[in-house]
*Asks:* 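Sharing a structure, written as structure tokens. Questions coming.
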There are 2 protein chains.
Amino acid sequence: MTPPAATAAPAARTPAGQAREKILATAFRLFYAQGLRAAGIDTIIAESGVAKATFYKYFPAKDDLILAYLEKVDGVWTGQLHAAAEAAGPDPAAQLVGLFDALASACRRDGYRGCAFINAAAESASGTRIHERTVAHKEHTRAWIRGLADQAGVPDPDQLARSLTLLLDGGLASGVLDADPAAATAARNTAAQLVSASLGRNTDHAAS
Amino acid sequence: MTPPAATAAPAARTPAGQAREKILATAFRLFYAQGLRAAGIDTIIAESGVAKATFYKYFPAKDDLILAYLEKVDGVWTGQLHAAAEAAGPDPAAQLVGLFDALASACRRDGYRGCAFINAAAESASGTRIHERTVAHKEHTRAWIRGLADQAGVPDPDQLARSLTLLLDGGLASGVLDADPAAATAARNTAAQLVSASLGRNTDHAAS
DNA sequence: ACGCTACCAGACAGATCTGTCTACGGCAAG
DNA sequence: CTTGCCGTAGACAGATCTGTCTGGTAGCGT
């Protein structure tokens, strides 16, 4: 008999079209901090402050949100990598070493938990879109590094890119365990040594 | 009024005391192939061919099974690492390079999906037993490598151990993406170069 | 023969998670 | 003003997952 309830609060509205960004920002935070499976849709919706229907309008399934998350991570991380490289100056060889500063910066950030892509791949079966997206990201990164190595004029850019990628991934992977800045420093030093050696100079401990 | 059912099949029994091993073997396979959260208790129980009560007798909670799984992984992987090192002969410097053959072998194995510890850490929050166990494993490995570097008489065993650990973790981390043997080969070559350089000799591309 | 222990089978409870659906309110363009 | 779109609120279905409980069976030592 009583009317449905009288609708208590007017409900703070999200400005039209911004709901998607709010959801994505929350997902970015929760997916990275807790993992893909551990972060539930309900939590993301609640912390975004949007309605469930709004969420499913923009992201028909959880996987779609995960893909959008990885896209965003790619943009952010690639940007940091490029910025760190450019901060080292115009010399490609210096950039190959300087990009490792992005790793050190990441280590120092609060809540650092390693590479979002590696973590995502660890939770997804191979063949899934999530897995493929991760592989694509890693290939882009290696191609970029190879390009720098090429510009630096090393005899075997492929091999140097491989080595540096291994160091970078190693540093990122160990980041999921402890955000030890020593690992980042060691990665940078080792990279400097490898780049010097590739250029035919003496190894850096002799050059210092 | 009717009796409960007459108990159709006699049910193939597991010899007493072996149920635990069967469960652990199944968990080893499923946890590694699918991930910690993706592999459900029910599936593990069904594929082990044991009863639910038996399972919970040996592993009161899923986390206990995960810890036992990590313990087993530690034993297996550490064994492979040591075996690969010893196969390289008595020279510690050669062992430091030879241990990377374990990585190449792992890459070639069917169903290879990178480092079980890194994958586990990616799914578990820091501070949990699972996370701690992973950190302990990585520290043991690095300590062992540092010991070899020490025996080899390099000037800075700590730094070399750091570098080699980064390469190893990088190779393992990229294994979750694609089991590319080229990454393992590159890791080994780079390790050889770093070891040579640490010993004060020329880098290996000059020595070959 | 008896009892103890280790096992099997599977129902069940309770939580959680994804995704759908209904109902309603505000805002802007026509 | 009315119509349609975008948003909120939240109930609901259905699946899945962890962990408990009951009841019965096989084998072994005594």
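Reminder, nothing fancy here: chain letters follow the sequence lines and each chain counts from 1. Remember, it's a predicted structure, so these values are computed and weren't measured experimentally.
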*Asks:* B:R20 has an atom CZ; how far is it from atom C1' of C:dC7, in whole Å?
*Replies:*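 After rounding, the reported distance stands at 17 Å.
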*Asks:* Let me know the distance between CD1 of A:I45 and P of D:dG7, rounded to the nearest Å.
*Replies:*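 My rounded result for the distance is 14 Å.
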*Asks:* If the test is side-chain hydrogen bond (donor to acceptor under 3.5 Å, both in side chains), which one of A:T26, A:T54, A:T43 qualifies with A:S48?
*Replies:* A:T26
*Asks:* Tell me the interatomic distance from B:F59, atom CZ, to D:dT18, atom C1', rounded to whole angstroms.
*Replies:* 16 Å
*Asks:* Applying side chain to side chain contact (heavy atoms under 4.5 Å, CB included), run through B:R188 and B:V97 and close with a yes or a no.
*Replies:* CA-CA 6 Å; B:R188 192 190 200 276; B:V97 180; 3.6 Å; yes
*Asks:* Closest-nucleotide mapping onto DNA chain C: is A:A38 or A:A53 further toward the 5' terminus? I mean the 5' end.
*Replies:*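 Final value for this comparison: A:A38.
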*Asks:* On the 0 to 90° scale, with breaks at 30° and 60°, tag the A:F117-A:H137 ring pair as parallel, tilted or perpendicular.
*Replies:*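 Because their plane-to-plane angle is under 30°, the rings of A:F117 and A:H137 count as parallel.
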*Asks:* Rounding to a whole Å, what distance do you find between A:I41:CD1 and D:dT16:P?
*Replies:* 17 Å
*Asks:* To the side chain of A:Y56, which of C:dG19, D:dT18, D:dG7 is closest?
*Replies:* C:dG19
*Asks:* Does the C:dG19 base have a donor-acceptor partner in the side chain of A:K52 within less than 3.5 Å?
*Replies:* yes
*Asks:* Can you tell me which nucleotide in C:dC7, C:dG10, D:dT8 comes closest to the side chain of B:K57?
*Replies:* C:dC7
*Asks:* Can you tell me the distance, in whole Å, between the NZ atom of B:K62 and the C1' atom of C:dT16?
*Replies:*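 Roughly 13 Å, once rounded to whole Å.
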*Asks:* Tell me: CD of A:E123 to C1' of C:dC17, nearest whole Å?
*Replies:* 15 Å
*Asks:* Do the ring planes of A:F28 and A:Y69 sit parallel (below 30°), tilted (30 to 60°) or perpendicular (above 60°)?
*Replies:*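 Because their plane-to-plane angle is over 60°, the rings of A:F28 and A:Y69 count as perpendicular.
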*Asks:* Taking 4.0 Å as the cut-off, does a side-chain nitrogen or oxygen of B:T54 come that near to OP1 or OP2 on C:dC8?
*Replies:* yes
*Asks:* Between A:D63 (CG) and C:dC17 (C1'), how many Å, whole number?
*Replies:*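 So the two atoms are 14 Å apart, to the nearest Å.
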*Asks:* Can you check whether B:F55 and B:F59 have ring centres sitting under 6.0 Å from each other?
*Replies:* yes
*Asks:* Looking only at the side chain of B:A61 (C-beta and beyond, no hydrogens), which of the listed nucleotides C:dC8, D:dG19, C:dG19 gets closest?
*Replies:* D:dG19
*Asks:* Write down the distance between CG (B:D42) and C1' (D:dT20), rounded to a whole number of angstrom.
*Replies:* 13 Å
